[in-house]
Every structure is written in structure tokens, then in C-alpha cells.
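Following: one structure in C-alpha cells, then a few remarks.
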Protein chains: 2
Amino acid sequence: MHTKNIHAHLDEIKDCFQTAVSVDCVIFGFDNTALKVLLIESDLKEYKGSWSLLGNIMRPDEDLDEAAYRVLRERTGLEDVYMEQIQTFGALKRHPAGRVITVAYYSLVNIEHVALKKHNNELHWHTVKDIQHMAFDHKQILDTCYERLKRQLIEQPIGFNLLPGKFTIRDLQNLYEAILDVKLDRRNFRKKFLSLNVLEDLNEAQEAVSHRPAKLYKFNFEKHELQKKRFLGIGF
Amino acid sequence: MHTKNIHAHLDEIKDCFQTAVSVDCVIFGFDNTALKVLLIESDLKEYKGSWSLLGNIMRPDEDLDEAAYRVLRERTGLEDVYMEQIQTFGALKRHPAGRVITVAYYSLVNIEHVALKKHNNELHWHTVKDIQHMAFDHKQILDTCYERLKRQLIEQPIGFNLLPGKFTIRDLQNLYEAILDVKLDRRNFRKKFLSLNVLEDLNEAQEAVSHRPAKLYKFNFEKHELQKKRFLGIGF
DNA sequence: TCAAAAGTGTTTGTAATACACCCATGA
DNA sequence: TCATGGGTGTATTACAAACACTTTTGA
């Protein structure tokens, strides 16, 4: 067997360095009623009037994940938010400017923490369910990320990332119902979450509501014994 | 807001076309005892003696997914096998030849259907559990794909892809036990799978075994009512 | 005192788990 | 006839699902 050195290898593949890699961030927020996604007006003539995800080309000198965090940081000013790589989209004609494959991430942010700056006035929060068309293949990317979010929401306690630091159990239930598009029983939902040992009672209550005020909780990551009861059984 | 045409956009990003995109295939097989993965001896001097996944650079004129199928086809002669994109790895120094990000796929094949050709004599099936080191970041990729496989195996009936067309329920259980590294109750396992309505009884039996011969089954995709009982509840 | 949402407990159904005996075959 | 693994049924347990009334607050 022959071996090749790096340079022989580089030479062999140099024709393949014609492809750009981009990252696209599906930034989800929740406004207490519906799941939102942060979009920008497309700056490509071909897609004028369409909305697109927040993305950018990955720089040759930065990690892939770092590129995604950079996009998020530049657009929202946020750091240390929940973010997950979801899928890479590499269809041939997906970008009119040439061969660009894109790695899609989604992140969950507290919508109140996103201060849209003046120079970001092309940015808007859109209701996910109302979105029909987007630029590029971004609708497909959004759909994929939304499906993954729904699945994650069922399997891991990540919904907190979309809520303010203090929230009521009803807030949490509203979030689940809105994102999963289901109706849940109040008593069972409450029972379930309280038994999970992830909610810390702040001993505070809602104020200025014209009904019995609800208790406020915060999420306590430490308390969560991850995957404590992982199914031994087969779940299908 | 100003708009840019494609060419302005291309110009802006042209410095970023310095990154190659590769695909790496984690090809899993099962030899009735242990989970195997098909590896090749690295042809890079830097990794001489190490094993690596089967991969290749994506061509600028082919779909990303097609590149993965091409690698699989070229190496195993197989088509139409189970294959899934898992994750994209894009750390800065992951490839010594330059900036190469790689999209990892795993596929499940019937190990008996893979005829390793003469010119593929650097290819070998390795027992997944015994693998300690690999070239590049391929161990990390393998680990990621293996974790995903385990999860998928619990949630979807995909194990069949690793088995011959005719198999016994015990074969299937061996597969689950080996991959998930658990012991399962024979009676419950059988009950579970028979109730799933995905096994078609071939009315054939094992031959030449020195004990009561087991029935042979095949998987019947049509019968499987996908996600019929999808949890409404929350699974963590 | 009324409206509106918060808070609580019990019952029921379903599915996973644990477990022991008989059956068919080749040696 | 024996050794080996195949095939079956039931009791128990755990958890999700269904369901109704009392409590607290502001108006």
C-alpha cells in the first residue's frame, strides 16, 4: 500500500475547494403565545421581499460552531444561549451564487433579551406557524429545525430557555401547548414537572392579576438528574 | 434597504471558497455477535497505521447526500441501504491537509452483502467496541454515530437493516443486546415485537440446529404503522 | 359576591417488568 | 434420553390519562 503525504493529498483535492460553507441560525423565541423565529429580509435581488434565516459564510479560520455563535452574537448580542447543530443542507442549486452548503443550527433565546438594534431594522420576529415561504431552502431548514425542537422538547427539559428567568407553571404549559400544538391536562402537567425536580420555588407570586396569583419558579439545572429514568424498554 | 445582486454577493464571499467539504460514512454491520464498522487504512503519512472512516471530498457538482451514497457505492457496491446524516464536524485543525469540514453519515448494511473486492483489501470490518484510536477525529465521529444509532434503535424499528432477509426473533434480540449493551428478557422481547406487527412469519424454520428450530421472519415495512402510538406525554 | 385562574388527589387504563414451565430437535 | 434453545402466559408494578372541587385574588 502506498502512502501519500499531505501535499500530494492537497493537490489531489484542490479542485474541490470551490465550495463555500455557511451556517444558518434558526433563532427561536416565545412571546407567551406563539413560537417565533428571528428572520431578516433577504439582501439578494433574487429573493427580494423574501425572508431568510440569519446566516453567514464560515470563515476559513474559525470553528464551524464558532461561526454559528458569531452569527448569533452579531445579530442578537446574546452569548451563552442554548444552541444545537441540526442538519447540513447541500443540494446542488440551493444557493444562486454558487455552491454553498449550509449547516443549520437552532437556538432558543429569551425573546425579551433580544434588543433589536437600529442597524438591525431588517430583523423581525415571525410567528413560525404563519410562515409560508422563505428565501433559498430556508423554509425547509426551518421546518426541519422546528420538528427537531418539538422532539427535543418532549425528551429533554429545554423549554426554559425560551422563558424569562421567573415563570409560572402555566407559562411553561402554554409553551408546550403552543410549540407542540396539543392540549395538555393542567393537573397532570403540573404533577409531572413538579415531580421532575427541576423547578425551584422562588416563594414569589404573580402581581396585579385579577385572580389568584400563581407561584413563580426558576429552572434549576443542578437538580435535574439527567436521564435518570432512561427507558430500558423499546419505545416504538 | 439596499439589495445586492448575485455577483456582488459572490465577490464578497469569494475569499471563503477555501474550504473543502467531505463526507464520511460510518458503515455499520452486524455479524450475529457484535456491531462492526467498515474501516480503511489511512493513506495519509501522518496517520500511517491508523484506521479511518470511508470518506471522500464532495464534488462541486453533486448533492451532498449523493456524495455519501457514492462513497458507499464505491466501497461496498451497495445501493438503497439505510443511511442517515448525523452531524457535521468542523473543528479548525481536524484535517492536516487544510480546512476540511466533514459531514458524517451512518448506514446500516447486511454484512453478508458486502463483498470486499480485491482492490479494497485495505478495508476491514472492525468490532466497534474494540476500537480505541482512529485517524483524524474519526473516533469522535464514530462515537457520535454509535450513540445516535443506539437511540434510533430504541425509537424506530431499523435493526432489520443489519440482518439477513430471513431472521429469527432471537437474532433480532441478539442484535439489540449487542448494540445497546443490555440484557433483555426473551419473553418480553418476543411479545413486544410480535405485537408491533412488523414481523411477517415466513412459515419456515431454521435447519440443522441441534435443538428445536426457530421460526424465520422477515420485516414487513407495510405493516408498520409508523409512530402510531406517539407519546402525548412528556418523556423525561 | 362574582369571575377567573390557581392549586390539589384519586381512579382507571395501559404497558413494561418479572418470572417458570413445556416443546421440538439432533446428538 | 439428554442437552439445547424455542415457544408460551400470568401476576405485578409503574406511569400516563381522565377527571371535579376548593382557594385566592381583583374587580
Side-chain angles (χ1 to χ4, degrees), chain A residues 32-33 153-155 157 163 166-178 180 182-218 225 227-236, chain B residues 32-33 153-157 163 166-178 180 182-218 224-225 227-236:
Chain A
N32 238 351
T33 303
L153 205 60
I154 289 171
E155 297 186 351
L163 291 175
K166 301 177 181 183
F167 54 86
T168 68
I169 292 182
R170 165 59 62 122
D171 292 334
L172 192 57
Q173 185 177 343
N174 285 343
L175 182 146
Y176 271 80
E177 292 188 339
L180 299 176
V182 292
K183 276 286 164 199
L184 299 172
D185 182 86
R186 271 174 52 236
R187 290 158 289 195
N188 293 335
F189 185 85
R190 167 179 296 268
K191 200 187 316 173
K192 177 76 186 176
F193 265 89
L194 289 177
S195 74
L196 282 174
N197 210 27
V198 292
L199 297 181
E200 184 170 327
D201 188 341
L202 292 169
N203 293 310
E204 294 178 62
Q206 285 180 313
E207 289 176 14
V209 288
S210 74
H211 55 77
R212 176 170 175 175
K215 285 177 158 188
L216 293 173
Y217 293 85
K218 71 168 185 175
E225 302 144 40
Q227 295 179 335
K228 179 178 59 178
K229 357 176 182 172
R230 189 61 198 153
F231 348 75
L232 296 168
I234 296 155
F236 52 86
Chain B
N32 238 354
T33 304
L153 204 60
I154 289 172
E155 297 186 352
Q156 298 288 334
L163 291 175
K166 300 177 181 183
F167 54 87
T168 68
I169 292 183
R170 165 60 62 122
D171 292 335
L172 192 57
Q173 185 177 344
N174 285 343
L175 182 144
Y176 271 80
E177 291 187 339
L180 299 176
V182 291
K183 276 285 164 203
L184 299 173
D185 182 87
R186 268 173 55 235
R187 290 158 289 194
N188 294 334
F189 185 85
R190 164 179 297 270
K191 201 188 315 174
K192 176 74 186 176
F193 265 89
L194 289 176
S195 74
L196 281 175
N197 209 28
V198 292
L199 297 181
E200 185 170 327
D201 188 341
L202 291 171
N203 293 313
E204 295 178 59
Q206 284 180 312
E207 288 176 13
V209 288
S210 74
H211 54 77
R212 175 170 175 178
K215 285 177 158 185
L216 292 174
Y217 294 85
K218 71 169 185 175
H224 183 231
E225 300 144 40
Q227 295 178 333
K228 179 178 60 176
K229 355 175 183 174
R230 188 62 198 148
F231 346 75
L232 297 168
I234 296 156
F236 53 83

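Below, each value reflects all heavy atoms present in this structure, side chains not excepted, and no hydrogens, waters or symmetry copies. The model shown is predicted, which means the values in this text are computed figures rather than measured ones. Proteins come first, then strands; the chains are lettered A, B, ... in the order of their sequence lines, and each starts at number 1.
- With hydrogens and angles ignored, a donor-acceptor pair under 3.5 angstrom links the side chain of A:R186 to the base of C:dG7.
- Side-chain N/O atoms of B:R187 and base N/O atoms of C:dA20 include a donor-acceptor pair closer than 3.5 Å.
- Rounded to 10 degrees, the angle between the two end axes of the helix from C:dT1-D:dA27 to C:dA27-D:dT1 is 0°, with five pairs used at each end.
- For B:K218, there are no salt bridge (Lys or Arg N to Asp or Glu O under 4.0 Å) partners, not counting sequence neighbours.
- The residue among A:N188 and A:P213 whose nearest nucleotide of DNA chain D lies closer to the 5′ end is A:N188.
- The two residues B:L184 and B:E177 come nearest to each other via the heavy atoms N-OE2, 2.8 Å.
- Partners of A:R186 according to the salt bridge (Lys or Arg N to Asp or Glu O under 4.0 Å) rule, which considers only residues two or more places apart in sequence or in another chain, do not exist here.
- Spacing between atom CD of B:Q206 and atom P of C:dA24 amounts to 16 Å, rounded to whole angstrom units.
- Contact check, B:K191 against D:dG9: no side-chain N or O comes under 4.0 Å of OP1 or OP2.
- Among the protein residues, A:R170 comes within range of the sugar-phosphate backbone only, with heavy atoms under 4.0 Å from sugar or phosphate atoms but none that close to a base.
- With the nearest nucleotide of DNA chain C identified for both A:S210 and A:T168, A:S210 has the one nearer the 5' end.
- Contact annotation for B:K215: backbone-only contact, meaning every heavy-atom pair under 4.0 Å involves sugar-phosphate atoms and none involves a base.
- The phosphate of C:dG7 has OP1 or OP2 within less than 4.0 Å of a side-chain N or O from A:R190.
- Note: CG (A:D185) to C1' (C:dT10) measures 13 Å, nearest angstrom.
- Between B:F189 and B:I169 the shortest heavy-atom distance is CE2-O, 3.8 Å.
- Residues A:L153 and A:Y176 come closest through the heavy atom pair O-OH, 3.2 Å.
- Rounded to an integer number of Å, the gap from CD of B:E207 to P of D:dT4 is 23 Å.
- Going from atom CG of A:N32 over to atom CZ of A:R170 covers 11.0 Å, rounded to the nearest 0.5 Å.
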